[in-house]
Peer 1: 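Below is the structure I would like to discuss, written out as structure tokens.
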Amino acid sequence: MRSAFNNPVLIKELKLRFRSFKSFAGILFYLLVLSVFVFGFIFMSTNFTGSGFINPQQSVILFGLLTYVQMALILFITPGLTAGAISTEREKQTLNILLTSSQSSFQIIFGKMSSSIVFLLLLLIAGLPLYSLVFLFGGISPGQLLIIFAFLIVTMLAIASIGVMFSTLIRKTIISMITTYGAMLFLTGITAFFFMIGISTIENSPGSLPLKSPAPISHFWATINPIALMLTLISPETSDALFELTKIHFPVWAGYLIFYIAITVICLFISVKKLRVNMKKKK
């Protein structure tokens with residue numbers, strides 16, 4: 001593990017990334033988007049309602065809004081950072097030089113992915129002052145914030161590993177990026193669509209049936225959907241409502257954790273195994 005962090009590839013990528021003006025422009029854009037939502041919400045809550053203050057219920061809404069905006073930004077930014085990690089080196093014809101170095105395939109993949117993860121963690125940390133505003137109005141505990149951030153990091157790792165895997169398997173960066181965004185669309189939009197179909201089927205099925213077959217499948221779609229997960233974390237009563245519908249008392253967060261950790265491990269394993277195989281085939 002020590003050799004993984006004492007990694008020349010990681011050090012080089014971090015230096016290149018944080019010396020680039022694009023990185024700081026990305027942080028500025030990220031904070032501007034969060035600021036627009038936060039101060040826009042505060043303005044509308046205090047002026048349009050005429051109360052002049054924000055109550056704890058509105059604070060929870062603000063917290064949920066911030067969480068979903070941050071999730072959307074992570075889903076949008078992460079593929080752009082990782083989907084070209086290996087394919088860009090291949091297009092620049094520098095991958096052969098990288099592979100002839102003393103670095104193992106794992107160190108190369110880990111270094112490329114970790115540099116993107118460090119930048120994304122910096123984005124999360126930079127947004128903490130805006131998140132801290134919700135504590136001024138009550139309704140949210142620090143523990144909830146830590147749990148939300150933990151699952152944002154898990155999601156980030158899974159998306160980054162998917163992007164690196166496609167970047168390793170696909171030679172063209174643009175195709176790798178499109179494929180990665182397609183995977184994100186499936187995990188967020190398509191799974192939500194299937195979940196809504198399953199719930200509709202359960203609600204319209206005869207109540208006399210002792211077991212509704214769509215229930216396990218619907219629960220699975222909810223388990224792997226980032227939007228559904230964040231909803232259950234922000235509003236715990238949503239988990240109770242899901243249990244009433246599916247009769248499956250398995251926490252969404254536990255299934256999400258298992259699924260996305262498995263995705264991360266599998267994608268990294270494929271990336272490490274295929275990195276040098278593709279180069280051998282090219283020769």
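Quick note: numbers below take in every heavy atom, side chains included, and nothing from hydrogens, waters or symmetry partners. This chain uses plain numbering: 1 for the first residue, then up along the sequence.
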Peer 1: Who are the side-chain contact (heavy atoms from CB on, under 4.5 Å) partners of I175, not counting sequence neighbours?
Peer 2: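 Applying side-chain contact (heavy atoms from CB on, under 4.5 Å) to I175 gives I170, K172, T179.
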Peer 1: So, T82 side chain and M113 main chain: donor-acceptor pair closer than 3.5 Å or not?
Peer 2: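 No, T82 side chain to M113 backbone: no donor-acceptor pair under 3.5 Å.
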Peer 1: Kindly say whether the aromatic ring centers of Y131 and F63 come within a distance under 6.0 Å.
Peer 2: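 Between Y131 and F63, the centre distance is under 6.0 Å.
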Peer 1: Do side-chain atoms of S20 reach the backbone of L16 as a donor and acceptor pair under 3.5 angstrom?
Peer 2: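 No: the side chain of S20 does not pair with the backbone of L16.
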Peer 1: Tell me, please, which residues at least two apart from F41 pass side-chain contact (heavy atoms from CB on, under 4.5 Å).
Peer 2: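 Only S45, Q58, I61, L62, L65 meet the side-chain contact (heavy atoms from CB on, under 4.5 Å) criterion with F41.
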Peer 1: Is atom CZ of F149 surrounded by more than 12 heavy atoms (other residues, nucleotides or ligands) closer than 6.0 Å?
Peer 2: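 Yes, the 6.0 Å shell around CZ holds more than 12 heavy atoms from other groups.
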Peer 1: How far apart are the C-alpha atoms of F195 and L242, what are their side-chain angles, what is the distance that settles it, and do they pass the side-chain contact (heavy atoms from CB on, under 4.5 Å) test?
Peer 2: CA-CA 11 Å; F195 170 71; L242 183 63; 3.7 Å; yes
Peer 1: Where do I148 and L152 land on the side-chain contact (heavy atoms from CB on, under 4.5 Å) test, with the steps shown first?
Peer 2: CA-CA 6 Å; I148 291 293; L152 285 175; 4.0 Å; yes
Peer 1: Under the rule for side-chain contact (heavy atoms from CB on, under 4.5 Å), what residues qualify as partners of F151, not counting sequence neighbours?
Peer 2: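 Checked F151 against side-chain contact (heavy atoms from CB on, under 4.5 Å); matches are I147, L229, M230, L233, W253, Y256, L257.
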Peer 1: Please lay out, stage by stage, how F18 and L122 fare under the test side-chain contact (heavy atoms from CB on, under 4.5 Å).
Peer 2: CA-CA 11 Å; F18 288 101; L122 178 61; 3.4 Å; yes
Peer 1: What's the shortest heavy-atom distance between S161 and S271, and which atoms?
Peer 2: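 Where S161 meets S271 most closely, the heavy atoms are O-OG, 4.5 Å.
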Peer 1: Please report the closest heavy-atom contact between T78 and A160, naming both atoms and the distance.
Peer 2: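 So the minimum-distance heavy-atom pair works out to CG2-N, 3.7 Å.
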Peer 1: Which distance, rounded to the nearest 0.5 Å, do you find between the CG of L99 and the OG of S105?
Peer 2: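 Nearest 0.5 Å value for the CG-OG distance: 6.5 Å.
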Peer 1: For S23, check side chain to side chain donor-acceptor pair (under 3.5 Å) against everything at least two apart and list the hits.
Peer 2: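 Not a single residue meets the side chain to side chain donor-acceptor pair (under 3.5 Å) criterion with S23.
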Peer 1: Search all heavy atoms of V9 against all heavy atoms of Q107 and return the closest pair with its distance.
Peer 2: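 Heavy atoms only, the tightest pair is CB-O, 4.3 Å.
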Peer 1: For the residue pair T191 and N225, what are the closest heavy atoms and their distance?
Peer 2: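 Heavy atoms of T191 and N225 come nearest at OG1-ND2, 2.7 Å.
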Peer 1: For a quick test of reading the model, state the closest non-hydrogen atom pair linking F39 to L130 and the distance between them.
Peer 2: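 Nearest pair, atom of F39 first, then L130: CE1-CD2, 4.0 Å.
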Peer 1: Could I get the full list of side chain to side chain donor-acceptor pair (under 3.5 Å) partners for S115, not counting sequence neighbours?
Peer 2: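 S115: no side chain to side chain donor-acceptor pair (under 3.5 Å) contacts found.
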Peer 1: Assign the ring pair Y181 / F76 to parallel, tilted or perpendicular, where the plane angle (0 to 90°) is split at 30° and 60°.
Peer 2: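 Y181 vs F76 ring planes: tilted.
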Peer 1: Would you say I248 and F243 make side-chain contact, with heavy atoms under 4.5 Å?
Peer 2: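 SC-SC contact between I248 and F243 ruled out.
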Peer 1: For the side chain of S59 and the backbone of V134, is there at least one donor-acceptor N/O pair under 3.5 Å apart?
Peer 2: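 Judged by distance alone, yes, a pair lies under 3.5 Å.
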Peer 1: Output every pair passing salt bridge (Lys or Arg N to Asp or Glu O under 4.0 Å) with a member in residues 104-123, not counting sequence neighbours, ordered by first then second residue.
Peer 2: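 Sorted pair list: E13-K112, E89-K112.
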Peer 1: Does R17 use its side chain to pair, donor to acceptor, with the backbone of K22 at less than 3.5 Å?
Peer 2: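 Between the backbone of K22 and the side chain of R17 there is no qualifying donor-acceptor contact (under 3.5 Å).
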Peer 1: Is there a chain of hydrophobic side chains (I, L, V, M, F, W, Y, each step under 4.5 Å between heavy atoms) that links F186 to L75?
Peer 2: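 In one cluster with F186: L75, yes.
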Peer 1: Identify the two heavy atoms, one from A85 and one from S167, that lie closest to each other, and give their separation to 0.1 Å.
Peer 2: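 Between these two residues, the closest heavy atoms are N-OG, 3.2 Å.
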Peer 1: Applying side-chain contact (heavy atoms from CB on, under 4.5 Å), run through M184 and I162 and close with a yes or a no.
Peer 2: CA-CA 9 Å; M184 295 310 98; I162 292 172; 3.8 Å; yes
